[in-house]
There are 2 protein chains.
Amino acid sequence: MAIINNRDFITARETLSAYINEKGLRETKQRQIILDAFLSSGRHITATELHKRISGAHPEIGFATVQRNLNLFCESGIAEEIKIGRQKTRYEQKIGHEHHDHLICVKCGDFIEVHDDKIENLQNKLAAANNFRPIRHKLEIYGYCGNCK
Amino acid sequence: MAIINNRDFITARETLSAYINEKGLRETKQRQIILDAFLSSGRHITATELHKRISGAHPEIGFATVQRNLNLFCESGIAEEIKIGRQKTRYEQKIGHEHHDHLICVKCGDFIEVHDDKIENLQNKLAAANNFRPIRHKLEIYGYCGNCK
DNA sequence: TTATTAATGATTGCCATTATCAATAATAAC
DNA sequence: GTTATTATTGATAATGGCAATCATTAATAA
């Protein structure tokens with residue numbers, strides 16, 4: 001199920017370690033287990049789902065720890081929150097995955113990842129024209145997917 | 001504080017009335033009061049804020065009623081939810097206001113409304129290329145505004 | 001006037017995420 | 001290695017926004 005390749009796996013580990021050292025945090029067994037489970041999971045997982053995956057082999061790891069570590073992964077830059085409507089937050093792996101936007105089906109709830117450099121460029125121009133320095137953006141297009149239209 | 005002009009005010013009322021009739025709902029004193037307060041408020045208000053504004057003159061109107069009516073306003077098309085990050089939902093007046101996107105300052109939390117037809121067109125093409133029929137979209141660009149950069 | 005039923009207001013429930021706190025364990029200092 | 005420091009953990013409670021509930025009220029139709 002791991003979509004991420006081995007090189008990205010290592011990069012993610014290293015990025016997180018660097019962040020941990022920089023901030024004076026600590027490497028723990030739980031953190032390693034959660035990281036591995038996260039990187040081996042599908043592209044978009046919720047805290048609850050990840051906790052469930054881990055519980056089988058490591059029932060001693062609590063939900064709060066999983067949640068806290070997902071937040072840490074986001075801070076360190078190896079993960080990113082995606083929040084769609086009222087759905088619960090999903091955590092996306094960033095290492096080895098280009099930025100993308102989402103086409104979200106209002107019927108089945110599924111989403112497609114898309115990317116368009118021209119749109120990105122226009123966004124930057126738009127920001128500049130408003131004396132605004134952009135860091136990141138989120139574009140969600142809602143509608144009907146091929147299966148539901 | 002009302003940004004909306006008188007014509008839009010009337011259009012909003014009429015649009016809501018039409019929706020209410022169509023669905024067999026009812027016009028109530030509270031609904032009128034909440035609608036007027038909403039239309040007279042700033043462009044982006046939360047349910048809590050609106051309830052507070054109303055409470056002064058109408059302490060008998062409960063929070064749940066305000067919340068329910070804001071949801072109704074959204075259903076009828078005269079309002080729209082905007083959800084930014086973890087902030088609580090804000091309700092935006094749609095009548096008399098073109099669709100727009102948001103430049104959101106990560107430091108002060110303020111946001112600027114922007115619009116770009118070229119981006120919209122590219123979004124439609126992007127959707128079409130993915131066999132996706134778009135209904136609406138949300139573009140949020142995060143960064144630093146002129147005051148905070 | 002009466003019947004129907006949407007709406008209200010107060011409250012409770014729900015659910016995702018955070019905060020708390022005592023116990024544990026990772027790192028640094030010695 | 002030993003000790004001190006303090007980040008982390010796990011269990012649980014708290015928080016907060018919003019929805020659901022339910023008895024009561026009131027808007028519309030008959």
Side-chain angles (χ1 to χ4, degrees), chain A residues 13 16-38 44-52 54-76 79-92 109, chain B residues 13 16-38 44-52 54-76 79-91:
Chain A
R13 279 177 189 261
L16 181 61
S17 286
Y19 185 81
I20 284 174
N21 286 332
E22 177 196 327
K23 294 284 179 180
L25 307 179
R26 292 170 185 174
E27 313 259 11
T28 64
K29 285 196 301 287
Q30 291 92 334
R31 187 157 287 163
Q32 286 300 332
I33 290 164
I34 295 167
L35 176 61
D36 286 355
F38 175 62
H44 311 99
I45 198 164
T46 66
T48 308
E49 286 166 1
L50 186 57
H51 178 235
K52 225 171 264 172
I54 292 171
S55 289
H58 302 280
E60 77 283 1
I61 294 181
F63 173 78
T65 302
V66 173
Q67 177 76 60
R68 272 186 294 235
N69 275 284
L70 282 170
N71 290 344
L72 177 70
F73 298 168
C74 291
E75 282 170 38
S76 76
E80 187 174 357
E81 289 188 353
I82 43 179
K83 300 169 77 77
I84 291 177
R86 292 214 161 81
Q87 294 176 40
K88 70 168 63 170
T89 302
R90 289 186 172 275
Y91 297 86
E92 183 171 86
Chain B
R13 278 178 191 261
L16 181 61
S17 286
Y19 184 82
I20 284 174
N21 285 332
E22 178 196 328
K23 295 283 180 180
L25 308 179
R26 292 171 186 174
E27 314 258 12
T28 65
K29 286 195 300 285
Q30 291 92 334
R31 187 158 287 162
Q32 286 301 330
I33 291 165
I34 294 166
L35 176 61
D36 286 353
F38 175 61
H44 312 98
I45 198 164
T46 66
T48 309
E49 286 166 0
L50 185 57
H51 178 235
K52 225 171 264 172
I54 292 170
S55 289
H58 302 279
E60 76 284 1
I61 294 181
F63 173 77
T65 303
V66 173
Q67 177 77 59
R68 273 186 294 234
N69 276 284
L70 282 171
N71 290 343
L72 177 70
F73 298 167
C74 290
E75 282 170 38
S76 76
E80 186 174 358
E81 288 187 354
I82 43 179
K83 300 167 79 75
I84 291 176
R86 292 213 162 79
Q87 294 174 39
K88 69 169 62 170
T89 303
R90 288 185 172 275
Y91 298 85

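Chain naming here is simple, since letters A, B, ... match the order of the sequence lines and numbering starts at 1 in each. In what follows, every heavy atom counts, from backbone to side chain, and hydrogens, waters and symmetry copies are set aside.
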Engineer: Indicate whether any N or O donor in one side chain lies under 3.5 Å from an N or O acceptor in the other, for A/Gln67 and A/Tyr91.
Structural biologist: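 Side-chain D/A pair, A/Gln67 to A/Tyr91: present.
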Engineer: Please list, by residue number, the residues of residues 22-29 of chain A whose heavy atoms come closer than 4.0 Å to an atom of DNA chain D; answer none if no residue qualifies.
Structural biologist: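 Residues of residues 22-29 of chain A that come under 4.0 Å of DNA chain D are, in numerical order, A/Gly24, A/Leu25, A/Arg26, A/Thr28.
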Engineer: Figure out the NZ/P separation between A/Lys88 and C/dC14, and round it to whole Å.
Structural biologist: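 The answer, rounded to whole Å, is 15 Å.
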Engineer: Considering non-hydrogen atoms only, spot the tightest contact between A/Glu49 and A/His44 and give its length.
Structural biologist: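 Nearest heavy atoms, A/Glu49 then A/His44: OE1-O, 4.2 Å.
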Engineer: Using a cut-off of less than 4.0 Å, is there contact between a side-chain N or O of A/Asn69 and OP1 or OP2 of D/dT8?
Structural biologist: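 For D/dT8, neither OP1 nor OP2 has a side-chain N or O of A/Asn69 closer than 4.0 Å.
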Engineer: Can a side chain N or O of A/Gln30 be found less than 4.0 Å away from OP1 or OP2 on D/dT8?
Structural biologist: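 No, A/Gln30 has no side-chain N/O under 4.0 Å of OP1/OP2 on D/dT8.
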Engineer: Quick one: label A/Thr89 by what it contacts on the DNA or RNA (base, sugar-phosphate, nothing), any heavy atom closer than 4.0 Å.
Structural biologist: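 It contacts sugar-phosphate atoms only.
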Engineer: Just to verify, which of A/Thr28, A/Val66, A/Thr65, A/Ile61 counts as forming a side-chain contact (heavy atoms from CB on, under 4.5 Å) with A/Ile33?
Structural biologist: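 Single pass found, and it is A/Ile61.
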Engineer: If I take atom NE2 in residue B/His58 and atom P in nucleotide C/dT8, what distance separates them, rounded to the nearest angstrom?
Structural biologist: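 In whole Å, C/dT8 P lies 14 Å from B/His58 NE2.
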Engineer: With a non-hydrogen cut-off below 4.0 angstrom, is A/Asn21 in contact with a base, only sugar-phosphate, or nothing?
Structural biologist: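 No contact.
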Engineer: Give me the atom names and distance for the closest heavy-atom approach of A/Glu27 to A/Gln32.
Structural biologist: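 Scanning both residues, the minimum pair turns out to be OE1-NE2, 3.2 Å.
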Engineer: Think A/Arg68 has a side-chain N or O under 4.0 angstrom from the OP1 or OP2 of D/dA7?
Structural biologist: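 Answer is no, no contact under 4.0 Å.
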Engineer: Is there a side-chain contact (heavy atoms from CB on, under 4.5 Å) between B/Gln30 and B/Glu60? Walk through the geometry before answering.
Structural biologist: CA-CA 9 Å; B/Gln30 291 92 334; B/Glu60 76 284 1; 5.8 Å; no
Engineer: Calculate the interatomic distance between B/His51 atom NE2 and D/dG16 atom P; express it in whole Å.
Structural biologist: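 Atom NE2 in B/His51 sits about 17 Å away from atom P in D/dG16.
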Engineer: Atom CG of B/Leu72 to atom C1' of D/dA27: distance rounded to whole Å?
Structural biologist: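 Nearest whole value for this atom pair: 15 Å.
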Engineer: Return the value, rounded to whole Å, for the distance between atom CD1 of A/Ile61 and atom C1' of D/dT8.
Structural biologist: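 Roughly 12 Å, once rounded to whole Å.
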Engineer: For B/Gln32 and C/dT8, what is the distance between atoms CD and P respectively, to the nearest whole Å?
Structural biologist: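 Computing the B/Gln32:CD to C/dT8:P distance gives 11 Å.
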Engineer: What is the distance, to the nearest angstrom, from the CD atom on B/Glu60 to the P atom on D/dT25?
Structural biologist: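 Value for this atom pair: 15 Å.
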Engineer: Take A/Leu25 and A/Leu72 through the side-chain contact (heavy atoms from CB on, under 4.5 Å) test and state the conclusion after the steps.
Structural biologist: CA-CA 10 Å; A/Leu25 307 179; A/Leu72 177 70; 3.7 Å; yes
Engineer: When you match B/Ile20 and B/Tyr91 each to their closest nucleotide on DNA chain D, which lands nearer the 5' end?
Structural biologist: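 The residue closer to the strand's 5' end, by nearest nucleotide, is B/Tyr91.
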Engineer: Rounding to an integer number of Å, can you tell me how far B/Glu49 CD sits from D/dG16 P?
Structural biologist: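 Spelled out: CD on B/Glu49 to P on D/dG16 is 16 Å.
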Engineer: Please determine whether a side-chain nitrogen or oxygen atom of A/Gln67 lies at a distance below 4.0 Å from atom OP1 or OP2 of C/dA16.
Structural biologist: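 Answer no for this pair, as no side-chain N or O of A/Gln67 is under 4.0 Å from OP1 or OP2.
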Engineer: Can you tell me which nucleotide in C/dA10, D/dT8, C/dT8 comes closest to the side chain of B/Ala64?
Structural biologist: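 The listed nucleotide nearest to B/Ala64's side chain is C/dA10.
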Engineer: Select one nucleotide: of C/dT18, D/dT9, C/dT11, the one nearest the side-chain heavy atoms of A/Asn71.
Structural biologist: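 That would be C/dT18.
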Engineer: What is the minimum heavy-atom distance between B/Pro59 and B/Gly56, and which atoms define it?
Structural biologist: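 The answer is CD-O, 3.9 Å.
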